[in-house]
Every structure is written in structure tokens, then in C-alpha cells.
Amino acid sequence: MSRALQLARRCLYTAHPNPRVGCVIVKDNRTIAEGWHQQTGGPHAEVHALNTAGDKARGADCYVTLEPCVHTGKTPPCTDAIITAGIKRAVVAAIDPNPKVSGKGISALNQAGINTETGLMQTQAQALNPGFEMRMRKGRPYVRCKLGMSVDGRTAIADGKSQWITGEAARADVQRLRARSSAILTGINTVLADDPGLTVRDIDTLGRQPLRVILDRRLKIPEEAKLFSQPGETLVFTVYGCPDKEQALTNAGRPVVRIDGSGEKDFLLGVLHYLAKEKEVNEILVESGPTLAGGLLQAGLVDELIIYMAPVLLGHEAKALLNLSGIKSMDARMKLEITDTRMVGQDIRITLKPVIGNS
């Protein structure tokens, strides 16, 4: 199963919107075939491995990181392929959270006389697919917020300039975060200040660009913004009725989605639900300024924070890392759990998760 998990990591960038899955087929205590879900529309991990094994799969054991599918999507059910191949035993790490599959794949294998075991290295398997798990269980993507700061917790000097606080290695690491994401989200203030492209660079295996998502409540975005000229798709989300600007953007091929929401959290949640349902977005990388990042965090919509801390000082007049309102006592402080720290070049990357119950 450990080897199957290694294989699943090979499709970290390419499986979207499907889960990352690996499979190993073993016979007489020897690995005879391996497979992983290389890209959407292609063979799933089990089928990939079974095609490699051929007739040798009969009587073998199948180790797979996620419950085999039992429904027809872009490809036929994997359970049918496993049964037809004559697999005698299937060891499954995690049950599929998709209601179309959950438990039904295991049941189909059992009914065909295949012995099944579940739960082996389940935590590691689920950690490979946080966005797919979140989308299936809660109807929204997994939200990962990336921030860069100085040692004194500042993100830009007083006039807003921030390039570059962190070093080259940290910026390359961010490209990998972008590559594994289904979408990159930012706010209109970042677009107006920096005119970013928000594309993945220098990762040849990707084969796609993440969806670019712009939150622009009053439709201030210029039609000539750099985002619109990049490969891939850009969506602008708004809440206010600006029919003339909306029509102008639409006519120029700049899609606008209006979200009904009376408050900030309603708007943010509406955007996330739309992206999960209509665009099958699993993981979102937020690259924004302190206002949007703070708003998402206080709304309880950030699942993971990744902070790159550079060995520099910017001083008290520089821009703060996050704008968080209403914290007027120590009892109201927002608690975080550090899950990982590591050096990335000369910078420190800190991975944190909000403590449940903050909001």
C-alpha cells in the first residue's frame, strides 16, 4: 500500500478533477503490475495496473488507495475490470467519499466473491485528496491560503511594493502549489495593484492551467487585465448589479458570475459552492492581499495556511500579513496548529491549520 501511495503522488498535478489514486497488483508475494490515474478521461489506476498484468492478474491481490468506482463516468466501472480479471483479494486504503461510489464498490467486489479489506493507511490516502474529500463531503473545495512575509510579519513596504520578499526557491515552491490546485483565487485589489498572470510556470507535466478566480464585488476589473490573456480560463465573481460593465466584460469574452449574498461570508461561500458544483474544483490556492485572506480566515473558510517567512525586516510602517477584525482580547485570538515547518532555500515554510472552533 505504501508503494500504491507513492504511485498516487505521481498524478498530484494531473488527476483533476478526479482523485489521485495508485494501485499495486501482487501475486505470490511479488509485485506483477503497478498503475496510477494519470489524467482525467484515461484509465483509472486499477485498470492501468490490470492492463499491465494481463492474464497474470488472475488469483492475485490488488492494493488500491481509494475504493474502486462502481459507476460509469468518462470510463467504465473499475469494479467490473477487477472482477473480470479474476482478482481474488482487494485491499483498499480509503472508502470513496463520492455518494455514487461510497461503499458500493466494496459491496460489488464482495458479491463477486472477492475478499476485501479496508482502512490500511487510510489517513495517508485521504491526505492525498483533501480537495476531493472536501468537495464530496461538504460541497466546497479545500482552501489553501499562501502568504509571504518578513520576520516581523509584514508583506509589503508602505507603498505596497512586495517583489520580492521571499527567495527564488520559495517562488518555485509556490509554482508547485499552483500546479496541484484546481483554481487560483485572488481579489480585485491584487489585480489592480499587481496585474498578475496567475499561471503555472516551469512544470512541464501539468498539461493544463488552473482556473483563475477573481472576486470583484463592484466589477472594477479592466478588460485588458493580464489574467484574460493567459492560457486557461478566468472567471470574475461579483455581487452587485453593474449591468453595463457586466455586459461589456461578457462581450469581450470575460465571463462574469453573479453570486447572491447579503454578507461577506455568504458571498465567499457562494463562490466556493459554485466552483465545486459547476467547475468540479477540488483545491483552491488563495494568493491575495491581507483583506481577502483575513476575511476567508475569519469566515472559517481556510483549511490550510502556508506562510513563507523570509529573513528580512520591513518595519512597523509596512503592510500587515492579515487584516483580522474584532480581536480585542486574548480570549478572542485565533488559534492555529503548526503541522509542518521546513527550509525552502533561505526562507522558512510554515504550514498551519486553523483550530476547529475558532469561528
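When reading the values below, keep in mind they use all heavy atoms of this one structure, side chains included, and skip hydrogens, waters and symmetry mates.
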Considering non-hydrogen atoms only, spot the tightest contact between [X] and [Y] and give its length.
X	Y	value
G326	A332	O-CB, 4.4 Å
A49	G35	CB-N, 3.7 Å
M1	V91	CE-O, 3.4 Å
P76	C69	O-SG, 4.3 Å
A81	V47	CB-CG2, 4.0 Å

Go through the side-chain N and O atoms of [X] and [Y] and say whether any donor and acceptor fall under 3.5 Å apart.
X	Y	value
N323	T291	yes
R9	Q6	no
S150	D152	yes
E246	T250	no

Output yes when a side-chain donor or acceptor of [X] lies under 3.5 Å from a complementary backbone atom of [Y], and no otherwise.
X	Y	value
Q298	S325	yes
R154	L314	no
Q38	C11	no
H48	P43	no
T155	L321	no
D216	K220	yes
R333	M330	yes
E67	G103	yes
S182	N282	yes
E337	V355	no

So if you build clusters from Ile, Leu, Val, Met, Phe, Trp, Tyr with side-chain heavy-atom gaps below 4.5 Å, do [X] and [Y] land together?
X	Y	result
L272	V257	yes
L322	I284	yes
M149	I306	no
V200	L12	yes
V151	I350	yes

Subject >> salt bridge (charged side-chain N to carboxylate O under 4.0 Å, His left out), paired with E233, selected from R208, R254, K279, R212 >> reply: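 Considering R208, R254, K279, R212, a salt bridge (charged side-chain N to carboxylate O under 4.0 Å, His left out) with E233 is found only for K279.
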Original post:
Pairs in or reaching into residues 94-108: which pass salt bridge (charged side-chain N to carboxylate O under 4.0 Å, His left out), with residues at least two apart or in two chains?
Top reply: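 Listed by first then second residue: nothing to list.
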Original post:
salt bridge (charged side-chain N to carboxylate O under 4.0 Å, His left out): which pairs involve residues 282-293, sequence neighbours left out?
Top reply: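 Matches after skipping sequence neighbours: R20-E283, R144-E283, K146-E287, R178-E287, R180-E283.
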What is the distance from atom [atom1] of [X] to atom [atom2] of [Y], rounded to the nearest 0.5 Å?
X	Y	atom1	atom2	value
M343	M309	CE	CE	8.5 Å
N98	F132	CG	CZ	5.0 Å
D347	I307	CG	CD1	13.0 Å
S181	R176	OG	CZ	13.0 Å
M121	L5	CE	CG	5.0 Å
L211	L235	CG	CG	5.0 Å

Atom [atom1] of [X] with >12 non-hydrogen neighbours under 6.0 angstrom:
X	atom1	answer
Q346	CD	no
N251	CG	yes
E278	CD	yes
K56	NZ	no

**OP:** For the pair L215 and L268, evaluate side chain to side chain contact (heavy atoms under 4.5 Å, CB included) and give the outcome as yes or no after the intermediate values.
**Re:** CA-CA 9 Å; L215 304 190; L268 295 173; 3.6 Å; yes
Original post:
Taking only residues two or more places apart in sequence or in another chain, which ones pass ring pair (Phe, Tyr, Trp, His ring centres under 6.0 Å) with F237?
Top reply: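 Here the qualifying residues are Y274.
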Taking only residues two or more places apart in sequence or in another chain, which ones pass side-chain hydrogen bond (donor to acceptor under 3.5 Å, both in side chains) with [X]?
X	value
Y308	D173
K226	none
T199	none
E280	none

Original post:
Going through the checks in order, is the side chain to side chain contact (heavy atoms under 4.5 Å, CB included) test met by V213 and L275?
Top reply: CA-CA 9 Å; V213 177; L275 292 172; 4.0 Å; yes
Original post:
With sequence neighbours excluded, what pairs up with E168 under the salt bridge (Lys or Arg N to Asp or Glu O under 4.0 Å) test?
Top reply: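 Residues passing salt bridge (Lys or Arg N to Asp or Glu O under 4.0 Å) with E168: none at all.
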Subject >> Any residue meeting salt bridge (Lys or Arg N to Asp or Glu O under 4.0 Å) with D340, in chain and number order, not counting sequence neighbours >> reply: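 In terms of salt bridge (Lys or Arg N to Asp or Glu O under 4.0 Å), with neighbours along the sequence ignored, D340 is linked to R342, R349.
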Original post:
So D303 and R140, salt bridge (Lys or Arg N to Asp or Glu O under 4.0 Å) or not? Walk me through it.
Top reply: CA-CA 11 Å; D303 302 296; R140 71 165 178 85; 2.9 Å; yes
Ignoring hydrogens and angles, write down the donor-acceptor pairs under 3.5 Å from the side chains of residues 57-66, residues two or more places apart or on other chains.
residue: R58; atom: NH2; partner: T84; partner atom: O; Å: 3.2
residue: D61; atom: OD2; partner: R89; partner atom: NH1; Å: 3.0
residue: Y63; atom: OH; partner: R89; partner atom: NH1; Å: 3.3
residue: T65; atom: OG1; partner: G22; partner atom: N; Å: 3.1

Original post:
Would V92 and E117 count as a side chain to side chain contact (heavy atoms under 4.5 Å, CB included) if you check the C-alpha gap in whole Å, the side-chain angles of each, and the deciding distance to 0.1 Å?
Top reply: CA-CA 6 Å; V92 176; E117 299 175 24; over 6 Å; no
Subject >> Connected-component partners of I221 among ILVMFWY, side-chain separation under 4.5 Å >> reply: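 I184, I188, V191, L192, L198, I214, L219, L227, F228, V236, L249, V256, listed by chain and number.
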Subject >> Residues that, via side-chain heavy atoms closer than 4.5 angstrom, fall in one hydrophobic cluster with I32 >> reply: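 Noted: I32 shares its cluster with I25, L50, I82, I83, I87, L109, I114.
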**OP:** Go through the steps for T31 and R3 under the test side chain to side chain contact (heavy atoms under 4.5 Å, CB included), then give the verdict.
**Re:** CA-CA 10 Å; T31 296; R3 175 57 179 166; over 6 Å; no
